[in-house]
Amino acid sequence: MEKKINKVLLLGSGALKIGQAGEFDYSGAQALKALKEEGIRSVLVNPNIATVQTSKDVADTVYFQPVTPEFVERVIEKERPDGILLSFGGQTALNCGVELYRKGVFEKYGVKVLGTPVQAIIDTEDRDLFVKRLDEIGVKTIKSEACNTIEEVQKAAHGLGFPVILRAAYALGGLGSGFCDNDEELLTQAEEAFAFSPQVLVEKSLKGWKEIEYEVVRDRYDNCITVCNMENFDPLGIHTGESIVVAPSQTLSNSEYHQLRALAITIIRHLGVVGECNVQYALDPQSEDYRVIEVNARLSRSSALASKATGYPLAFVAAKLALGYGLFELKNSVTKTTSAFFEPALDYVVVKIPRWDLTKFRGVSRTLGSSMKSVGEVMAIGRTFEEALQKGLRMIGQGMHGFVENHEIVIRDIVRSLHEPTDMRIFVVSKALQLGYTVGQIHQLTMIDCWFLEKLKHIVDIDMRLKAFTPIAGIAVSMHPLEVVEYLDTPEFVSLLREAKVYGFSDFQIARAIGLEHCLPMEKAGLLVRSWRKLLGIEPTVNQIDTLAAEYPAQTNYLYLSY
């Protein structure tokens, strides 16, 4: 670690807002923990009192002030920190840091920017510079033009040809971005984009391509690892924060995976990022052609997900790297045994599902696009995609029980609802499959990869097979437990019940599928199915938990049950 760093200023994310919320409290708190471990005094600027990082004893000094250049400069003047961390407070902290750098505040007070240099941040945030920097190493980006006026936007759009997408530079959560198919939509979107940023990028639309992300870590010695790769359930055109995200990616070939991984490492080295960054790609589903969408030279929403999904403390490690450590000098603080230079390998599936509260806002459009509207998300873990997805759907707090056996959803136009995604899209897909739409038909309307759709169809198929046991279940309700075992203990029923549990069905879902709600109150029906399972010996078994727990005691919470 470099010496003479005694006090460090950390910029928090500021007030909670759509597009930026709790994930930056997580990353900031981890960074403060790393500073404390090194015996470095920490000064935090964050006006949000409802966070962990502003709690007592997390930071040495807390300023409940807005994360703006004016206030931060006054804090620097008073505290005189030796260094500053910009990458742990999301877009708000990054924008503030760039402005302070351009005003010469850091130079004036002798404050060293720790971790990724400010110029690297500018290179990734300024869309025009970003494209030029990646052109230097022959990395493909989306064909685009940077514009500063509406007239330039119109000229660029006609030069590229519709459809196009407008992206605002230095914007949070995709604010001001959107797809345009004609001049009228272009003008409307351009006015909105310029309200958020002085620069707007006009890009050729790649709607329908896969969206893939890699979380990459680099130290000052040029050592790099990819901690996690993720894949969006939805194709390009829907903001990552609005999409179901799956880790690790499920539909990439080995060649595609390693091509994109190698590119991510090349990019982070060329840009000079020190710490953590997120590389987002568009991948042609019909070939191995790709485009780099963007690089976030900071901790992001995806970084928080990757940390929890893999058990690799990204923010903690990034803070240590910013202080001058190499990856080979650090241990993974979660496992306590593996090196921070060790790439996690997952033998389970993680699914992130967004949550919306659009009903609270009068007149808001429920259509999803490139600008983020979700207000939260849940993460679910399972041995299969189906299990993780169903667990997640039960957790989003919208009264759903999984992918199937929910309350009746009225959808007036299935085709339109599939083609124009809304916050209910996953349940529209469920309805379509139950009505007999084929995987091919749904794929044509949504461009969701057929691998995901086949898995969803598998859930519906299990549900339909459970429904066939309705007569048997109705008779078993009135039986004595010992009679139930003898009556239900058939290879077909036991095998199906086990399969349903493996693929994420709750006891409540099974009870509803086999028609027990017509015989019992539903809360009792779910308990009855649970008792049947136990009588039939269908319970989770722990895979090698004793051996693994003894070998990796700190990872016991990351071992999962299977049937």
Side-chain angles (χ1 to χ4, degrees), residues 162-165 174 177-182 184-186 188-189 192 205-211 232-245 285 353-375 386 389-390 392-394 396-461 463-464 467 509 512-513:
F162 290 107
V164 296
I165 179 174
S177 67
F179 289 89
C180 309
D181 294 318
N182 52 55
E184 185 181 350
E185 292 178 4
L186 184 75
T188 303
Q189 194 63 55
E192 183 181 344
S205 171
L206 297 178
K207 217 171 187 178
W209 285 33
K210 294 181 184 180
E211 190 164 350
N232 284 18
F233 172 84
D234 297 292
L236 193 70
I238 296 178
H239 191 281
T240 301
E242 306 283 82
S243 179
I244 293 171
V245 176
I353 301 177
R355 171 190 164 83
W356 295 268
D357 257 334
L358 299 180
T359 52
K360 289 183 177 179
F361 304 98
R362 187 175 298 173
V364 70
S365 169
R366 299 185 80 113
T367 303
L368 304 183
S370 58
S371 182
M372 187 173 162
K373 298 175 182 175
S374 64
V375 296
E386 296 96 318
L389 179 79
Q390 294 226 78
L393 292 175
R394 282 196 283 277
I396 57 175
Q398 294 181 334
M400 299 301 182
H401 304 290
F403 186 64
V404 293
E405 298 304 337
N406 298 305
H407 57 78
E408 187 65 26
I409 301 171
V410 179
I411 303 166
R412 291 174 182 167
D413 189 339
I414 290 278
V415 172
R416 183 177 177 183
S417 296
L418 287 170
H419 185 63
E420 299 175 5
T422 68
D423 55 321
M424 295 297 288
R425 182 181 222 191
I426 189 70
F427 301 110
V428 174
V429 172
S430 174
K431 186 83 169 179
L433 287 168
Q434 291 174 67
L435 290 173
Y437 282 70
T438 66
V439 164
Q441 288 172 319
I442 297 173
H443 171 71
Q444 288 298 319
L445 290 166
T446 63
M447 295 306 293
I448 296 170
D449 193 276
C450 288
W451 187 92
F452 290 122
L453 295 175
E454 289 287 358
K455 295 296 181 183
L456 298 180
K457 185 176 183 299
H458 183 212
I459 296 173
V460 173
D461 289 344
D463 187 51
M464 297 304 291
K467 290 181 186 300
Q509 279 177 291
R512 180 170 274 180

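Nothing fancy with the numbering, it's 1 onward along the sequence.
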#### Entry: Test side chain to side chain contact (heavy atoms under 4.5 Å, CB included) applied to Trp356 and Glu242, step by step
CA-CA 9 Å; Trp356 295 268; Glu242 306 283 82; 3.2 Å; yes
### Query
Hey, are the side chains of Ile165 and Cys180 touching, using non-hydrogen atoms and a 4.5 Å cut-off?
no
### Task
Determine the minimum heavy-atom distance between Pro354 and Gly241, stating which atoms define it.
CB-O, 3.4 Å
### Task
Would you tell me whether Thr188 and Glu192 have side-chain atoms, one donor and one acceptor, within less than 3.5 Å of each other?
no
#### Entry: CG on Leu433 to CD on Glu454, rounded to 0.5 Å
9.5 Å
### Task
Nearest 0.5 Å please: distance from the SG atom of Cys450 over to the CG atom of Leu456.
11.5 Å
### Summary
Residues at least two apart in sequence or cross-chain that pass ring-ring contact (aromatic ring centres under 6.0 Å, His included) with His401, listed by chain then number, are Phe508
### Task
Specify the closest pair of heavy atoms between Ile426 and Phe403, including all atoms of both residues, with the distance to one decimal.
O-CE1, 3.3 Å
### Contacts of Glu405 that satisfy salt bridge (Lys or Arg N to Asp or Glu O under 4.0 Å) - sequence neighbours left out
Lys467
### Query
Among all residues two or more places apart in sequence or in another chain, which pass the ring-ring contact (aromatic ring centres under 6.0 Å, His included) test with Phe452?
Phe233, Phe385
### Query
From Thr446 OG1 over to Gln441 CD, what is the distance, rounded to the nearest 0.5 angstrom?
11.5 Å
### Task
Please answer whether the main-chain N or O of Val404 pairs with a side-chain N or O of Gln509 as donor and acceptor at a distance below 3.5 Å.
yes
### Summary
Residue set satisfying salt bridge (Lys or Arg N to Asp or Glu O under 4.0 Å) with Glu408, at least two apart, ordered chain then number -> Lys431
### Summary
Tightest non-hydrogen contact, residues Leu418 and Val428, listed as CD2-CG1, 3.6 Å
### Task
Taking salt bridge (Lys or Arg N to Asp or Glu O under 4.0 Å) as the test, write out the residues that go with Asp461, two or more places apart.
Lys457
### Summary
For Asp449 and Lys210 the tightest heavy-atom approach is OD2-CE, 3.2 Å
### Task
Indicate the atoms forming the closest heavy-atom contact of Arg425 with Asp234, along with that distance.
NH1-OD1, 2.5 Å
### Shortest non-hydrogen separation from Ile353 to Leu393 and the atoms involved
CD1-N, 3.5 Å
### Task
List in chain and number order the residues that pass salt bridge (Lys or Arg N to Asp or Glu O under 4.0 Å) with Arg394, two or more places apart in sequence or in another chain; answer none if no residue qualifies.
none
### Query
Quick one: does Asn232's side chain have a donor or acceptor within less than 3.5 Å of a partner on Pro235's backbone?
no
